[in-house]
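Heads up: numbering here begins at 1 and tracks the sequence. On a predicted model such as this, the values are computed, not experimentally measured, just so you know.
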Amino acid sequence: MGLDPAAIAYVGDRPDNDVLPAMALGMVGVFVVRGPWGLVQQSWTEAREATLVVDTLDGLADRLAALPASPPRPGTGSRGAPRPGAGPR
């Protein structure tokens, strides 16, 4: 496709298998806290490395559009620390 990895958002419910590997390749990593893995891993330190942490896909496009041009890589800081109350409703 010829896209810059920073122009791609990878949305997953596992920081270890989805979000961090995508971020290591330069993509925007979005951790969605739902499903069994999302709920189990939401308290993990790695979850705070995601560019964004959400509990619903509603409004995700707007949140992605509001991000600065280049996302952080894992281990370099976080712009998406888990929000208080993120998780099951």
Side-chain angles (χ1 to χ4, degrees):
M1 294 183 102
L3 293 174
D4 180 356
I8 301 168
Y10 192 104
V11 180
D13 65 349
R14 290 191 61 169
D16 58 341
N17 285 352
D18 299 329
V19 178
L20 296 180
M23 291 177 67
L25 295 173
M27 296 181 211
V28 174
V30 180
F31 174 40
V32 61
V33 182
R34 67 176 180 190
W37 289 112
L39 298 175
V40 167
Q41 294 182 354
Q42 69 181 330
S43 63
W44 291 13
T45 303
E46 294 89 345
R48 291 187 285 279
E49 291 295 322
T51 308
L52 291 173
V53 176
V54 300
D55 59 356
T56 179
L57 299 179
D58 293 337
L60 180 57
D62 292 334
R63 292 188 66 189
L64 289 169
L67 290 175
S70 61
R73 300 222 175 197
T76 62
S78 174
R79 282 188 281 194
R83 297 187 323 275
R89 292 182 175 203

Where do [X] and [Y] come nearest, in terms of heavy atoms and distance?
{"X": "Gln41", "Y": "Ala47", "result": "O-CB, 3.5 Å"}
{"X": "Pro21", "Y": "Pro15", "result": "CD-O, 3.8 Å"}
{"X": "Glu49", "Y": "Met23", "result": "O-CE, 3.0 Å"}

Original post:
Can you find a heavy atom in the side chain of Phe31 that is under 4.5 Å from one in the side chain of Gln42?
Top reply: yes
Original post:
Hey, does Leu39 have a side-chain heavy atom less than 4.5 Å from the side chain of Arg34?
Top reply: no
**OP:** Return each pair, listed once, that meets salt bridge (Lys or Arg N to Asp or Glu O under 4.0 Å) where at least one residue sits in residues 15-31; pairs must be two or more places apart or across chains.
**Re:** Arg14-Asp16
Subject >> Worked check of side chain to side chain contact (heavy atoms under 4.5 Å, CB included) between Glu46 and Leu20 >> reply: CA-CA 8 Å; Glu46 294 89 345; Leu20 296 180; 3.6 Å; yes
**OP:** For Val11 and Leu57, run side chain to side chain contact (heavy atoms under 4.5 Å, CB included): C-alpha distance rounded to whole Å, both residues' side-chain angles, the deciding distance at 0.1 Å, then the answer.
**Re:** CA-CA 9 Å; Val11 180; Leu57 299 179; 4.0 Å; yes
Original post:
In chain order, what residues pass the side-chain contact (heavy atoms from CB on, under 4.5 Å) check against Leu64, with sequence neighbours excluded?
Top reply: Ala9, Val28, Val30, Leu52, Leu60, Leu67
